[in-house]
Amino acid sequence: MICCCSVEDQVPSPTDAIEADRQEWENQVFMTLPGKRVPLATTDFTAVDQGNSSPKYVRVSTWNFPHTPRLAHDCHIPLIAVFQPFADLDPREEPVPVVPLEPHSSGPPRCERCRSYINPWCTWTGGGNRWKCNLCAHETEVTPEYFCNLDANLMRLDHLHRPELNKGTVDFVVPEEYWAVIRQRNDNAILHANAMNYVFALDVSAESIRSGFLRTVCSALRTALFGGTLPDNTQVDPCIPPESGVAILTFDQTIHFHDLSSEKTPMMVLSDLDEVFVPRSGGIFINPSMHRPTVDSFFESLPRRFEYTSVHEAALGSCIRAAEAAFAGCGGHLIVFQSTMPTVGDGALVGQPKETELHDTDKEKLLYKPRDTTWKDIGEECAEAGIGVSMFLGMNKFIDVGSIGVVASMTGGDIFYHPRFDPIRDAITVNSQLQRLMRSTKGYNCTMRIRSSSGIQVADHYGNFLQRNPTDLEFGVLDADKAVSVLLEHVRSLDVRDYVYLQSAVVYTTVSGERRVRTCNLALQVVELAASVFQFADMDAVVCHFAREALFRMGTRKMPVIRENLTEQCSSILLGYRTNCAITSRATQLILPEAFKALPAYILAILKTKPLKARHVSADVRNYFIHRISAMNVRSLMHHLYPRLLALHDLEDTTAIPDSNGTVIFPTTMRASHIFMEAHGIYLIDNEEAVMVWVGASASPQLLRTYSGLTISWPWISSWYLFTHLSFFDINVVCGGAAPTPSVGYAALRAGAKHSKPPPGATRAGVQVFIARQNLDAAELEFSDMLAEDQNNGNMSYVDITNGGSLSDTANMRASPW
């Protein structure tokens, strides 16, 4: 028999496993007890919490834990846990239960030795008078108000009525003893648990006025505070709770405080940038709903007030410290809108590094560190004060993300990057990003600690946070899109008859002002065979760790060394499987474990990311993506590395159209390579940062009329024109049935929202949409770079590396054992 399959069809397909897993769990409920295969991070599934947290909250690199350090070393699978404490749930899933504070209680029951929180895996002794910690085996006395008798199975009689004894993920309401304490020079100050306050800091320098960035921001803020109509005609409600306070600062070479409690809105100018303070004794926060006419008028007049400014400087560092003074004693969220590099005040930056002279030298790592350590000091101060800092950057030249961005990274905030800002192109995106930022499930003034059972320990942490000691992670703000990963290691051998336990605890204040602790608990089986470790391995968590670790090393190691290490890590895992599980195979035979079939494709995709790609990429772009990827949750990261590619011209009539039950059937994705594309087709690709629609040169006019609703020659279809005339059918393909524009609603497809239409900003949104017409638009270059399996971004194709090519400049995979 003659095989007619191409080489591309013979290499393992990343999309085949994704689609098979999606179909398996589409109409099946995942039960979270240990010993079951877990759905992939890219799959939309419904989970029932049976005492183990859902994989949406925590994923591990293998759900069968090796019982000895020797076995872990032989398998070469890093022992990783990725926690996403505030992950969004499917509308069909039960919300996280809230455990109220017991009367006269000092807080939830905790182990006297390791201070872990009570959970479903604890056991009861002494007739219910003591409970045994599953992490350290210490027995703790039960307080009188928490006591309950046991039944014949040694379970509490009220077991079914206590969520903390049944659910892996719960929220405990806690008393004042859990309020945060700020260390000050002479005394300690307590951060009171209040509703989250917001400070909006707007750059009013000449660049912000000229580009239209300030006017766009003012319009977006009005919609966020009061609701209304987005640029795409979507109706939205206000983003903040009624009890939250709002303050507004503007800045150029001075800092301006605005008294919104007065109808005249006086502006107080602070010219001393070294000793900033709040010039109003009563504070500057107001309730926007009670002062709506004043706030509306302010946003309307602000662009005109600075219309003819000639000031090009911006004192960002001093402005952040002024906002910190405004937040004193309460914490909150600072959202900065910046359009030029800060050249005056605290952390003033001068000039631009000569990037071309530093590339591929020992000094290149300096591009990925702050040029002035003041920015690290500001980030540490904000994180300790319970302040999260998020930044919208709308600039037209170098802004030094590596320096100013460290403040957002250390406080758990976001960075939204809009180079060469264009109001016509970017206004909808800014609106959508601001809506998501303010609507997402979040907590502020957060402290996180991850505990493990005896025999293992946490060796390292990865993510965007402030870490001042080996165990505690501090966040000014922590939202649903952020994840933290930890590297685990053995302290001793484990008992295969027992479980390995992990518990993350986040002490935080809700947006409405209630102090809580969210705990996520996980129990894992312990195994003594390498085959069992590989059988339940989770490639998604492993890829997440490899990406974060590589980016973490960029400030200390040369780029070629980092790329080579990624190659070696991939080879080691596949060698571990061949050595321990496939000894009888031929030496020349390619052996891939079922769980890691697509690992070479994803390692290649990591090497092609903006921070690590071999081609010249500006330091601002690299640093922005370092910030984004370092905090991405597993699902978003997998889609970012290997973008989803859809053939829009080849969809069935029922695809993306809600049925009688409101269920939307989404199209099947295809492999990200030009080899599988056709010249007459129309394709959509999404990598969590941008959505691109590629229009082939041979696409039929009838097909284009179907998509645009216009009788127009395809070479003249602009991205904005096509974007605003999508038919209802195409809206559901692009938006997932959630909203009438790609930039607002495409997140529903990414989040798998099948049964309900979330409000704008309810899921990750804010992607830009581009049209790439074949051989006409410059956007086609970026589209080709998003095809992860092709030869691009200074690296080889997926087919080449699976046939003995080299993943990096120095590592030769032909000589590797797989």
Side-chain angles (χ1 to χ4, degrees), residues 3-22 40 42 539-540 543 547 566-567 570 590 592 596-610 612-615 637-651 666-699 733 749-750 770-775 777 779-808 813:
C3 179
C4 298
C5 296
S6 65
V7 176
E8 291 78 13
D9 293 328
Q10 294 176 8
V11 298
S13 167
T15 58
D16 285 351
I18 292 174
E19 292 300 327
D21 195 76
R22 185 183 68 147
L40 298 179
T42 51
M539 184 189 67
D540 298 351
V543 170
L566 281 168
T567 302
C570 177
L590 177 63
L592 296 174
F596 291 108
K597 274 188 174 181
L599 182 62
Y602 281 100
I603 295 297
L604 178 63
I606 294 175
L607 294 170
K608 292 181 178 182
T609 57
K610 290 289 196 298
L612 294 173
K613 66 192 298 185
R615 290 180 180 174
L637 178 60
M638 298 302 286
H639 287 318
H640 177 71
L641 295 176
Y642 193 95
R644 280 151 298 179
L645 181 63
L646 306 177
L648 298 183
H649 64 282
D650 194 25
L651 300 176
F666 294 115
T668 300
T669 58
M670 56 185 291
R671 295 178 65 171
S673 173
H674 76 281
I675 296 173
F676 303 97
M677 296 172 59
E678 300 172 340
H680 64 271
I682 301 177
Y683 296 89
L684 180 145
I685 193 168
D686 165 45
N687 72 344
E688 299 284 316
E689 280 292 320
V691 172
M692 291 199 172
V693 178
W694 183 85
V695 182
S698 303
V733 173
L749 175 60
R750 296 204 301 273
F770 299 93
I771 301 299
R773 297 168 298 175
Q774 187 178 10
N775 299 329
D777 293 324
E780 190 178 16
L781 296 175
E782 185 67 23
F783 178 88
S784 65
D785 281 348
M786 292 168 67
L787 298 175
E789 293 193 28
D790 286 349
Q791 181 176 344
N792 50 32
N793 295 290
N795 228 304
M796 302 183 70
S797 70
Y798 179 39
V799 172
D800 291 337
I801 64 111
T802 53
N803 284 279
S806 173
L807 269 172
S808 66
M813 300 304 289

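Along the sequence shown, the residues carry numbers beginning at 1.
Shown here are the side chain to side chain contact (heavy atoms under 4.5 Å, CB included) partners of Ala598, two or more places apart in sequence or in another chain: Pro14, Met539, Tyr602. The ring pair (Phe, Tyr, Trp, His ring centres under 6.0 Å) search around His680 returns His649, not counting sequence neighbours. In this structure Asn793 satisfies the side-chain hydrogen bond (donor to acceptor under 3.5 Å, both in side chains) test together with Lys613, sequence neighbours excluded. Taking Glu780 as the reference, Trp694 meet the side-chain hydrogen bond (donor to acceptor under 3.5 Å, both in side chains) condition, with sequence neighbours excluded. Residues forming a side-chain hydrogen bond (donor to acceptor under 3.5 Å, both in side chains) with Glu782 (at least two apart in sequence, or on another chain): Lys610. A search for side chain to side chain contact (heavy atoms under 4.5 Å, CB included) contacts involving Thr668 returns Glu19, Arg22, not counting sequence neighbours. Remark: Thr15 pairs with Ser13, Tyr642, Thr669, Arg671 by the side chain to side chain contact (heavy atoms under 4.5 Å, CB included) rule, at least two apart or across chains. For Tyr798, the side-chain hydrogen bond (donor to acceptor under 3.5 Å, both in side chains) criterion is met by no residue, not counting sequence neighbours. For Asp21, the salt bridge (Lys or Arg N to Asp or Glu O under 4.0 Å) partners at least two apart in sequence or on another chain are Arg37.
Scanning all heavy atoms of the two residues, the minimum distance from Leu781 to Ser784 falls at O-OG, 2.7 Å. Taking every heavy atom of both residues into account, Ala697 and Gln774 meet most closely at N-OE1, 2.7 Å. In plain terms, the two heavy atoms of Ala17 and Leu40 that are nearest each other are O-CD1, 3.8 Å. The shortest non-hydrogen separation linking Pro643 to Asn687 is CG-CB, 3.7 Å. Nearest heavy atom pair, residue Ala614 against residue Gly794, reads CB-O, 4.0 Å.
Here the CD1 atom belonging to Ile18 is positioned 6.5 Å from the CE atom belonging to Met638, to the nearest 0.5 angstrom. Once rounded to the nearest 0.5 Å, the distance linking CG of Asp650 with OH of Tyr683 reads 8.0 Å. Taken from CG in Leu604 to CG in Asp800, the straight-line distance is 9.5 Å, to the nearest 0.5 Å. Between atom CE of residue Met786 and atom NE2 of residue His640 there is a gap of 9.0 Å, rounded to the nearest 0.5 Å. Distance check, rounded to the nearest 0.5 Å: CD1 of Ile685 to CG of Leu645 gives 5.0 Å. Here Lys597 contributes atom NZ and Asp16 contributes atom CG; the two are 9.0 Å apart, rounded to the nearest 0.5 Å.
Between the side chain of Asn792 and the main chain of Leu787, a donor-acceptor pair closer than 3.5 Å is present. For Lys608 (side chain) and Ala788 (main-chain N/O), a donor-acceptor pair under 3.5 Å exists by modelled atom type.
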Practice task
Could you walk me through whether His639 and Asp686 pass the side chain to side chain contact (heavy atoms under 4.5 Å, CB included) test, one step at a time?
Solution key: CA-CA 8 Å; His639 287 318; Asp686 165 45; 5.7 Å; no

Exercise for the section: For side chain to side chain contact (heavy atoms under 4.5 Å, CB included), just list the numbers for Asp540 and Val543, CA-CA rounded to whole Å, side-chain angles, deciding distance to a tenth of an Å, and then say yes or no. Expected result: CA-CA 5 Å; Asp540 298 351; Val543 170; 6.0 Å; no

